[in-house]
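One structure below.
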Amino acid sequence: MIARINGLNLAYTDQGHGMPVVLLHAFPQNRAMWEPQVRALSKTHRIIAPDFRGFGESDAPLWHYTLDQFADDVAGLLDHLAIKQAVLVGLSMGGYTLFAFYRKYRARVNGLVLADTRAQADTEEGRAGRFAMAQTAYTKGAGAIAEIMLPKLLSPVALQTKPQLAGQVRATIEQTQISGIAGALMAMAERPDSVPLLTQIACPTLVITGELDGPTPPADGKLMAGKIPGARLEIIPQAGHLSNLEQPDAFTGAVRSFLNSLA
Ligand code: MLT
């Protein structure tokens, strides 16, 4: 489905009935990465999964992107769907967006799932890496980004034993527009430090980390769960950064038991 939000066409999935749950995807993926969770959780919940601006079937304007814009787009989509409150699940860049969303729209949040993400801002080195990746995208195309990102997104064991999954993640990256890749890199590079926000998060929160996650290792998950009052931590065995795709049943099970605890 497509909605006109903040002057752009935003694509989204809206499936099932019940308590609304919003799934926010990683970089440089799109809402297709949530297919196992949409299928399983839409039996009991209303699942909404947008493509961020710049990704999937959403518009990808060539301009400056920010995570506040991503958060505004999510809020605009909830308005469009007449949803006042939801549980929000964000993986990696989706999680960075949840911090921006919580800052601006905390009254709309029933619960948070922070998956394979981190509260810290980029280091100087990290920001330089984003700039270099944007130049690579511009000069060499999305295929070169897939080469760089695939070993970060999937664990070595998944790369070896799950060729179909690796092919799917690669294809999604290769189909992503350069304006979206560069825009999101700028947005992530400029994101503020959210560590001071953690102690102020007052809604039920689940933190999930893949045991083998390289970009946002379990230590990042432990830091968030240690500071967010009452937060639960779930470490998914045998899962890399895209833990929801490497171990979909364990990931979905953790989210489902969190949703049940809210009901
Ligand atoms: C993601 O999966 O969204 C990215 O790895 C996040 C990042 O590059 O920091």
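Quick caveat, the model's predicted, so the values are computed rather than measured. When a ligand or atom number is given, it counts from 1 through the structure's own listing order.
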Nearest non-hydrogen protein atom to atom 7 (C) of ligand 1, with distance, is R130 NH1, 3.3 Å

Through direct or indirect side-chain contacts below 4.5 angstrom among Ile, Leu, Val, Met, Phe, Trp and Tyr, which residues connect to V157?
L212

The closest protein heavy-atom partner of atom 9 (O) of ligand 1 is Y96 OH, 2.6 Å

Just to be sure I read this right, does ligand 1 sit under 4.0 Å from the backbone of K152, its side chain, both, or neither, counting only heavy atoms?
neither

Name the one of R31, Q37, R39 that satisfies side chain to side chain donor-acceptor pair (under 3.5 Å) with E35?
R39

Quick one: do R127 and E190 make a salt bridge, cutoff under 4.0 Å?
no

Would you check the N or O atoms of F27, main chain and side chain alike, for any that come under 3.5 Å of an N or O of ligand 1?
yes

Side chain, backbone, both or neither: the part of L153 lying under 4.0 Å from ligand 1 by heavy atom
side chain

Ignoring hydrogens, just give me the one of S92, G126, G94 whose non-hydrogen atom is nearest atom 4 (C) of ligand 1.
S92

Separation of R118 CZ from Y96 OH (nearest 0.5 Å):
4.0 Å

From L112 CG over to L98 CG, what is the distance, rounded to the nearest 0.5 angstrom?
5.5 Å

Between A26 and ligand 1, which part of the residue brings a heavy atom under 4.0 Å of the ligand: side chain, backbone, both or neither?
both

If the plane angle is over 60° it's perpendicular, under 30° parallel, otherwise tilted; pick one for F55 and F70.
perpendicular

From atom 2 (O) of ligand 1, work out which of M149, M93, H241 has a heavy atom at the shortest distance.
H241

Is it true that T216 lies under 4.0 Å from ligand 1, counting heavy atoms only?
no

The residue among R53, R4, E57 that forms side chain to side chain donor-acceptor pair (under 3.5 Å) with N9 is R4

